[in-house]
J.: 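Shown below is the structure under consideration.
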Amino acid sequence: MSLCAVKPDEAGAGDSFPVAENLCTIVSNDWVNEEYRLLIVDAPAIALAAKAGQFFHLMCPPDGESGNFLRRPMSIHRIDREQGQLHFLYKVQGSGTRGLATLGQGDTLDALGPVGQGFTLPRGTQHVVMIGRGVGLATLAPLAQEAVAAGAKVTAILSARMASLLMAEDALRSDGAEVVIVTDDVGNSDTTSLEALLRRVHADRPIDFVATCGSKRLTRLLQDFSTEFGIAGQVALEQRMGCALGMCFACVMPFRNTAADGTRTVGYRRVCWDGPVFNLEETVL
Amino acid sequence: MSLCAVKPDEAGAGDSFPVAENLCTIVSNDWVNEEYRLLIVDAPAIALAAKAGQFFHLMCPPDGESGNFLRRPMSIHRIDREQGQLHFLYKVQGSGTRGLATLGQGDTLDALGPVGQGFTLPRGTQHVVMIGRGVGLATLAPLAQEAVAAGAKVTAILSARMASLLMAEDALRSDGAEVVIVTDDVGNSDTTSLEALLRRVHADRPIDFVATCGSKRLTRLLQDFSTEFGIAGQVALEQRMGCALGMCFACVMPFRNTAADGTRTVGYRRVCWDGPVFNLEETVL
Amino acid sequence: MTDLSVRIGDITLANPIMPGSGTLAEGMADVFDLSRLGAIVTKTFTDDLREGNAPPRVAELQNSTLFSIGIPSKGTDYYLNKTVPFYQKFNTPIVASISADTTEGFGALAAKLSDSGVVAIEANISCPNLKKDGLAFGMDPVATEEVIRAMKAATHLPVWAKLSPNVGDIAVIARAAENGGADALVTANAMLAMAIDIETWQPRVANLMGGITGPATKPVIMRMVYQCAQAVSIPVIGCGGVSNAADAIEYMLAGATAVQMGTQSFVQPTAMVKLLDDLTAYCERRGIAKVSKLTGAMRMFSPEQLARQGSL
Amino acid sequence: MTDLSVRIGDITLANPIMPGSGTLAEGMADVFDLSRLGAIVTKTFTDDLREGNAPPRVAELQNSTLFSIGIPSKGTDYYLNKTVPFYQKFNTPIVASISADTTEGFGALAAKLSDSGVVAIEANISCPNLKKDGLAFGMDPVATEEVIRAMKAATHLPVWAKLSPNVGDIAVIARAAENGGADALVTANAMLAMAIDIETWQPRVANLMGGITGPATKPVIMRMVYQCAQAVSIPVIGCGGVSNAADAIEYMLAGATAVQMGTQSFVQPTAMVKLLDDLTAYCERRGIAKVSKLTGAMRMFSPEQLARQGSL
């Protein structure tokens, strides 16, 4: 089946479709630190056509009395087309992820996707700065890979409570990103320190794209920073979802709209279909 | 906890109760032939106090889309007080038994019981004849054990499509029963042959109690036979159940009642609470 | 130690947990000490003897059951001479659930119970009358009010109205019951439902329709309990899919003063006792001195909160 | 080869499977060929632009979901210029689902759709009007009849009435819709329900109440489909918890001519296609030449059978 060649507008014309209920075989599903697990699956070609910032909607096994009736959205941590594998990095915190944690090698994961609008790197981008905290780091890694492949320098600022909770560091480095680590422990992860850091990075080498995920505080920081310097930027958002295909309208959040005449209003958009990646300046926090 | 000492009438007086949600550890759960599985569990003392003809109401694991919301009644095949074990013999045919079949060694079975009215062997019984087919055989085995222990001779007539589907034969022999086998294959399992067999057995050594389970045809045969010769008899019945404690009134079947003035009427009784063992002459088929 | 007691009109119950009518019988005394319950609501009986519906009477559904029992009854004499004395061995108030074909019948039966030893009478005006395609007293506010009024005129005992969920606006029925003099509402009975076997093409219960009970019904009855609690000033007893302490707490937050457990007792006979233990633990963890503080304690989203969550 | 076609009034559909309104959008075209469907029912829109309710809009329940979306709408122009052309790429009849605040509004919007390319209009008179504590047109037979009559006067297109399940006697509403001129009934919309978070003590959807959908609702809606099919002579389309072919068959046996799938498509976007495959296989296994033979084919227990099964 030809995959990326099929645009939504052409669907129905043949029998190749860009989104599928991919039945993926679990390769491993292990703890990477005390809070996070890394799930690696063998994925079919449709799934491997995913782009940075897109996500999969996972059927999670039941967790005790919770049947996990709905799927759970999960951002992609790594698309490894050589190995034919997808990586998901997740925090075990709700019944969905508790169910996911029960999957073992050889089990099957039903992963609907890839879905959603991923990151859009402006043509000719020279220097991408991404800043993430917690599981947000997982979501940004594929963007680093794409940006480096597109010839851009990538500076990844990773924030965590302590160094032992850092994730994605190795993946980012091996993808060619320059990694800067800030932690609460060390005391350089507060907004003031980070703003100063961003200014230093920008002064050293002009940033022309910023991206973030997973923290309102960091998103606000990047909104202010990118507005001040006129830098394009995007954020990957999270919201409780129903269908992940734009059908149920459950996952809306408010965004700023600009009409043709310049009038600005605020309206709901679907995180699953209009996002989960949105332009920073349109995002209401 | 003192078990058999607690009669229903005394419940509430202390904190020992004759019925419990017994959490039993699976010892084994293997196929005994192409249709039946034998489930052996380690059981607590409350469960081991069960009497022949009583049953347990089993919580069955989910089977695919069927959650098996309700428990399933299961007659007891063997009460092994020395080993502290209960044996259940079951045919895998519905979602409940399919769920049960998924249990493996070391898993836990939630077995509510023992519940129901078991067999009542008249005092001084000399010769018990029991006749069973299919899974009905499983239900009768504990009665053989009790009858032999009470000093009676037991003749067990086992009926099956073919000899390979026979069950309980060894258990019955080891408990001291004389086993007679009839099969469709051989052509001696039809009603006419069986009636002739019963008459021969009775002529040889007078029968004073008959018991059956699992076949309407055999129950009718025993009803006619026991009526003709004035022999006491009982049948263990099966019915779809809700609660197994006489609460929901779902498992009723019609029975003949005899009023004080001799008037006979027909009325519903609960198989779980008034039975599952009923006197043959009261049973409506 | 949390005070678990609740008041239903003039009656104080040691705790808010009781069985739904028809979901407890003598057999339960073999499993746990019935003295632990807040009340014992007995199975609905009629003055006359009734056999109930033909089997099959039960079908298993997803997270629920379809019961079509009818109202088998051994009559009033059996109730007074056998049932009440059995439960009087326990230190728990007994509530009689009754049904009748007419308003007068409800009144006459209530009168017979006045000195029986029960502390209240629950009027089962809601059990689907399958002979009328599911219509019942409880689907009509006028009939509801008349039945309760007739019972109140016939006995000094408190009367609880067990409402039918098979109505458009439960608040109208709730107010009718209150106007008739009901001392409490029980919200609600089973929802009228149906299932067909796709192999035999026959109904899965012989009587075609039955009542769906179990966890699947909780969200709809939760809404009705809230609507009832908003509509009347008498206590509301929540009944519908209560399986555990979380469900009981949810009903209380919605406005229930007490809750009845039904179907879960069929699956797990010790569920009411476990519920009480877990409810106590919840109150202790949350520092709730009196369980009655939970009643109606739900907090709506504030405008500020909706704004933070992305409201427009 | 089984003939899967069914007739809904003057319209012949290639098969009886269609999405429930609000459970299919452009994104589904990325998953399978929408030409396989019997019809495409689009998400309800209003003439005016609406944002819908504040989030959280969804709560997960047992075997079901609680949705409180409101009716976000991009208005009629968007529908005519964007939505219809998108779905016209598929070889499937389009059914527009509409809502309005007034009877006149329903009529006016129906008129605007007359030449839009849709083959029928579904009147969403049943979406809970949460501003009125859940009351809606569909809870009142007079309002139901008036809305349908106004639409029929305004357009030559067939009108389907999507009934509310939040009523006491669905047959009364069904007959009112038929009297108003409805060409078909869709039974039914979501059941009004509620859930509370026992940790935050807040409602689980911001708007307090929402509609429960999913498998848990099937037995109640099944009963309503049967009651509707008994009450009217126009086709009934079953809608409530359809997850697979077995559910569709069950609805057809109860009297439905076609079925809508909703929530299951959120969980399993290919479910409608799988349903069609399994429905075909069922018909072939059972030797059913025309799927329409299933409609209303349920067989009651015979007196002889009840006697055999132990009836009295």
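First the proteins, then the strands, lettered A, B, ... as listed; each starts at 1.
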J.: Tell me, side chain or backbone of S64(C) under 4.5 Å from chain B's heavy atoms, or both, or neither?
T.: backbone
J.: Considering only heavy atoms, which portion of R269(B) lies under 4.5 Å from any heavy atom of chain C: side chain, backbone, both, or neither?
T.: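 R269(B) has no heavy atom closer than 4.5 Å to chain C.
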J.: Indicate the atoms forming the closest heavy-atom contact of F69(B) with V267(C), along with that distance.
T.: O-CG2, 3.5 Å
J.: Quick check on the interface: out of C243(B), C272(B), G246(B), who has the most heavy-atom pairs with chain C under 4.5 Å?
T.: C243(B)
J.: Which atoms of N68(B) come close to chain C, meaning under 4.5 Å heavy atom to heavy atom: side chain ones, backbone ones, both, or neither?
T.: both
J.: For the pair E21(B) (side chain) and T270(C) (backbone), establish whether a donor and an acceptor sit closer than 3.5 Å, ignoring hydrogens and angles.
T.: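 Yes: the side chain of E21(B) pairs with the backbone of T270(C).
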J.: Do you know the tightest heavy-atom contact between A29(C) and F17(B)?
T.: O-CD2, 3.4 Å
J.: Can you name the closest pair of heavy atoms from D30(C) and P18(B) and give their distance?
T.: O-CD, 3.2 Å
J.: Give the C-alpha distance, both sets of side-chain angles, the deciding distance and a yes or no for salt bridge (Lys or Arg N to Asp or Glu O under 4.0 Å) between E60(C) and R71(B).
T.: CA-CA 10 Å; E60(C) 184 180 68; R71(B) 289 169 184 261; over 6 Å; no
J.: Go through the atoms of L61(C) and report whether side chain, backbone, both or neither lie under 4.5 Å from a heavy atom of chain B.
T.: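 Just its backbone gets close to chain B.
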J.: CD of Q88(C): more than 12 outside heavy atoms within 6.0 angstrom?
T.: yes
J.: Within the 4.5 Å heavy-atom criterion, are L112(B) and P269(C) side-chain neighbours or not?
T.: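 Answer yes - side chains close enough.
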J.: Please check if the number of heavy atoms outside R240(B) that lie under 6.0 Å from its CZ is greater than 12.
T.: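 Counting other residues, nucleotides and ligands, CZ of R240(B) stays at 12 neighbours or fewer.
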J.: Should we count CZ of R161(B) as having more than 12 external heavy atoms under 6.0 Å?
T.: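 No, not enclosed.
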J.: Could you check whether any side-chain heavy atom of Y268(B) comes within less than 4.5 Å of a side-chain heavy atom of R57(C), counting everything from C-beta outward?
T.: yes
J.: Report which part of L70(B) has an atom under 4.5 Å of a heavy atom belonging to chain C: side chain, backbone, both, or neither.
T.: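 Contact with chain C: backbone and side chain both.
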J.: Which atoms form the tightest heavy-atom contact between K43(C) and M247(B), and what is the distance?
T.: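 That would be CD-O, 4.4 Å.
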J.: Looking only at heavy atoms, what is the nearest atom pair of A25(C) and L245(B), with distance?
T.: CB-O, 4.4 Å
